[in-house]
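First up is the structure itself, then whatever we jot down about it.
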Amino acid sequence: MLEILVRLMAETWLVTGGSGQVGIALRRLAPAGVTIVAPGRDVLDMAALPDLDVLIARESITAIINCAAYTAVDKAECEPELAHAINAVAPGRLAAAAARAGIPIVHVSTDYVFAADGMGPWAEDGAIAPASVYGASKAAGEAAVRASGARHAVVRTAWVVSADGNNFVKTMLRLGGERDVLNIVADQIGTPTHAGDLATALAMVTARFTSDSDQRSGLWHCANTGETTWHGLAEHVFAEAARHGFKTPAAVNAIPTADYPTPARRPMDSRLDCRRIAQDFGIRLRPWQDAVTEIVATLAAQQQEQIA
Ligand SMILES: NC(=O)c1ccc[n+]([C@@H]2O[C@H](COP(=O)([O-])OP(=O)(O)OC[C@H]3O[C@@H](n4cnc5c(N)ncnc54)[C@H](OP(=O)(O)O)[C@@H]3O)[C@@H](O)[C@H]2O)c1
């Protein structure tokens with residue numbers, strides 16, 4: 001794991017999406033010297049943001065980390081207005097409020113801004129061409145943050161997984177317990193990213209922005225190291241699951257995307273080139289296999305606690 005070099009006094013970070021995978025991990029991190037304020041959607045509805053200036057002043061917020069998003073990639077195809085409001089309009093409003101308050105904003109974005117049929121690993125200056133409503137709404141959110149005038153970091157990540165919330169690892173464990181045969185897409189390449197590792201990286205980036213007023217704004221890619229397919233990820237999950245005594249399927253078949261049609265098109269190759277965040281912040285996340293192994297172990301330990 002990365003060490004957080006945060007030595008900050010009296011910092012208060014506003015974290016949106018505190019009930020999501022990355023938001024939970026950030027709250028759990030609680031870097032030394034930092035108070036995290038993470039209002040739920042009852043207080044901070046991203047689809048209809050209240051007056052942010054009042055909140056920022058009242059809580060003495062020193063940085064904003066935007067982890068909230070409309071993340072239902074397929075459902076977004078039939079709710080484009082809502083996806084746009086949460087993923088594009090709200091980040092712009094958060095960033096505008098950050099600009100007025102003179103504080104930085106760290107905004108999380110996605111590998112799904114890249115084309116369905118392009119080839120990775122994608123560098124930050126690679127041309128974007130989102131193939132889905134979700135991807136387009138996130139691309140518009142990036143643009144709104146960049147145009148806001150706030151000091152900002154846009155951090156794109158990919159295939160987020162954790163022991164919390166909803167994600168592919170947890171879905172595999174559930175389906176593995178229910179079915180003997182699973183068919184998993186094996187021609188989409190990407191990198192699973194542990195929400196906890198990403199949260200550590202976001203905290204490091206935020207700390208740099210609050211402690212160094214010369215830190216330039218920009219766009220960075222951040223994912224665990226390595227690459228795989230959804231099928232490769234599933235195989236790793238089940239290998240680890242078997243070691244912990246979970247029921248696993250007898251067969252995990254590799255299938256092409258064409259055999260698993262979904263409402264939203266996804267990039268066939270969404271690998272992110274993460275060299276820039278390594279150069280600028282010294283952030284290098286561990287191999288995805290180690291991260292997923294840890295998640296399965298955490299879920300196994302949680303299950304043991306429930307049984308005991
Ligand atoms: N998940 C992935 O595979 C993935 C991949 C690449 C990039 N990302 C990006 O990473 C970031 C974090 O994703 P995640 O996986 O942590 O997402 P997540 O687990 O789906 O959590 C989304 C968060 O956004 C909140 N939210 C949604 N609509 C809201 C609204 N109208 N008002 C207030 N809060 C709202 C949710 O609150 P509720 O609990 O109240 O719903 C939840 O806290 C997002 O920017 C996402 O686009 C994710």
Side-chain angles (χ1 to χ4, degrees), residues 14-29 36 38-50 52 55 64-76 79 81-91 93-95 105-114 120 122 128 130 132-142 144-145 153-172 188 190-199 201-202 219-224 230 233 264 266-267 270-272 274 285 288 291-292 295:
L14 174 63
V15 173
T16 64
S19 55
Q21 295 189 81
V22 179
I24 289 172
L26 260 169
R27 287 166 47 217
R28 193 175 284 139
L29 210 57
I36 292 198
R41 72 163 71 203
D42 50 329
V43 174
L44 209 63
D45 182 353
M46 296 285 286
L49 280 177
L52 295 162
L55 175 73
I64 298 173
I65 309 179
N66 183 29
C67 303
Y70 182 113
T71 55
V73 175
D74 288 317
K75 201 172 163 200
E79 289 188 329
E81 291 86 9
L82 186 57
H84 187 78
I86 295 169
N87 292 348
V89 177
R93 290 195 56 201
L94 282 170
I105 178 166
V106 175
H107 172 70
V108 185
S109 194
T110 176
D111 53 337
Y112 281 13
V113 296
F114 290 112
W122 297 96
I128 63 169
S132 63
V133 166
Y134 168 75
S137 70
K138 294 292 291 184
E142 292 182 0
V145 170
V154 173
V155 179
R156 287 191 192 129
T157 191
W159 295 23
V160 178
V161 290
S162 70
D164 306 295
N166 298 316
N167 59 68
F168 185 85
V169 170
K170 291 178 75 176
T171 302
M172 284 303 106
Q188 291 176 27
T191 308
T193 302
H194 191 309
D197 294 356
L198 177 65
L202 294 174
L219 169 62
W220 289 273
H221 287 172
C222 186
N224 279 115
W230 294 111
L233 173 54
R266 291 158 167 79
S270 72
R271 291 172 295 158
L272 298 177
C274 299
L285 302 190
W288 69 264
V292 172
I295 290 169

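As the structure lists them, so they are numbered: ligands from 1, and atoms in each ligand from 1.
Listed by atom number, the atoms of ligand 1 under 4.0 Å from Ala68 heavy atoms are 24 (O). Which parts of ligand 1 touch Ala47 is read off a 4.0 Å heavy-atom cut-off, strictly below it: atoms 31 (N). Close contacts between ligand 1 and Thr157 involve ligand atoms 6 (C), 7 (C) [criterion: under 4.0 Å to a heavy atom]. With ligand atoms numbered from 1 in the order given, ligand 1 contributes 32 (N), 33 (C) to contacts under 4.0 Å with heavy atoms of Leu44.
For atom 31 (N) of ligand 1, the nearest protein heavy atom (residue, atom name, distance) is Asp45 OD1, 3.0 Å. For atom 36 (C) of ligand 1, the nearest non-hydrogen atom of the protein is Ser19 OG, 4.0 Å. Scanning all protein heavy atoms for the shortest distance to atom 44 (C) of ligand 1 gives Ala69 CB, 3.4 Å. Protein heavy atom nearest atom 10 (O) of ligand 1, with residue, atom name and distance: Val108 CG1, 3.3 Å. For atom 3 (O) of ligand 1, the closest non-hydrogen atom on the protein side is Val160 N, 3.0 Å. In this structure, the protein non-hydrogen atom closest to atom 16 (O) of ligand 1 is Val22 N, 2.9 Å. Nearest protein heavy-atom neighbour of atom 28 (N) of ligand 1: Arg41 NH2, 3.2 Å. The protein non-hydrogen atom at the shortest distance from atom 7 (C) of ligand 1 is Ser109 O, 3.4 Å.
Residue contacts with ligand 1 include Tyr134, since one of its heavy atoms falls under 4.0 Å from the ligand. Heavy atoms of Gly40 come nearer than 4.0 angstrom to ligand 1 in no pair at all. Ligand 1 is approached by Cys67 to a heavy-atom distance shorter than 4.0 Å.
Between Leu94 and Ile64, the shortest heavy-atom contact is O-CD1, 3.8 Å. Heavy atoms only, all atoms of each residue included: Cys222 and Leu198 are closest at SG-CD1, 4.0 Å. In terms of heavy-atom proximity, Ala68 sits nearest to Gly17 at CB-N, 3.5 Å. The shortest non-hydrogen separation linking Leu49 to Arg93 is O-NH1, 3.1 Å. Pairing each heavy atom of Ile105 with each of Pro91, the nearest pair is CD1-O, 4.5 Å. Nearest heavy-atom pair, His84 versus Ala140, reported as atom, atom and distance to 0.1 Å: CE1-CB, 4.1 Å.
Neither the backbone nor the side chain of Arg156 has any atom closer than 4.0 Å to an atom of ligand 1 (non-hydrogen atoms only). Residue contacts with ligand 1 for Thr71 involve side-chain atoms from C-beta outward but no N, CA, C or O (heavy atoms, distance under 4.0 Å). If you look at Trp159 next to ligand 1, the close heavy atoms, those under 4.0 Å, all belong to the backbone. In Asn66, neither the side chain nor the backbone holds a heavy atom less than 4.0 Å from any atom of ligand 1. With a heavy-atom cut-off of 4.0 Å, Phe168 does not touch ligand 1 at all. Neither the backbone nor the side chain of Ala195 has any atom closer than 4.0 Å to an atom of ligand 1 (non-hydrogen atoms only).
His194 has its side chain within reach of Ile295: a pair of non-hydrogen atoms, C-beta onward, lies under 4.5 Å apart.
Partner of Trp159 under the ring-ring contact (aromatic ring centres under 6.0 Å, His included) criterion, chosen from Trp288, Tyr112, Trp230: Trp230.
With sequence neighbours excluded, the residues satisfying ring-ring contact (aromatic ring centres under 6.0 Å, His included) with Phe114 are Trp122, His221. For Thr16, the side chain to side chain donor-acceptor pair (under 3.5 Å) criterion is met by Asn66, not counting sequence neighbours.
Across the listed options Lys138, Met46, Gln21, Met46 owns the non-hydrogen atom lying nearest to atom 32 (N) of ligand 1.
Within the 3.5 Å criterion, the main-chain N or O of Pro267 finds no donor-acceptor partner in the side chain of Ser270. A distance-only check finds no donor-acceptor pair linking the side chain of Asp164 to the backbone of Gln21 [under 3.5 Å]. In terms of modelled atom types and a separation under 3.5 Å, the side chain of Arg266 and the main chain of Ala264 share a donor-acceptor contact.
Ion pair Asp111/Arg271 not flagged as a salt bridge, since none of the NZ, NE, NH1 or NH2 atoms sits closer than 4.0 Å to an Asp/Glu carboxylate oxygen.
Between Gly17 and ligand 1, at least one pair of N/O atoms sits closer than 3.5 Å.
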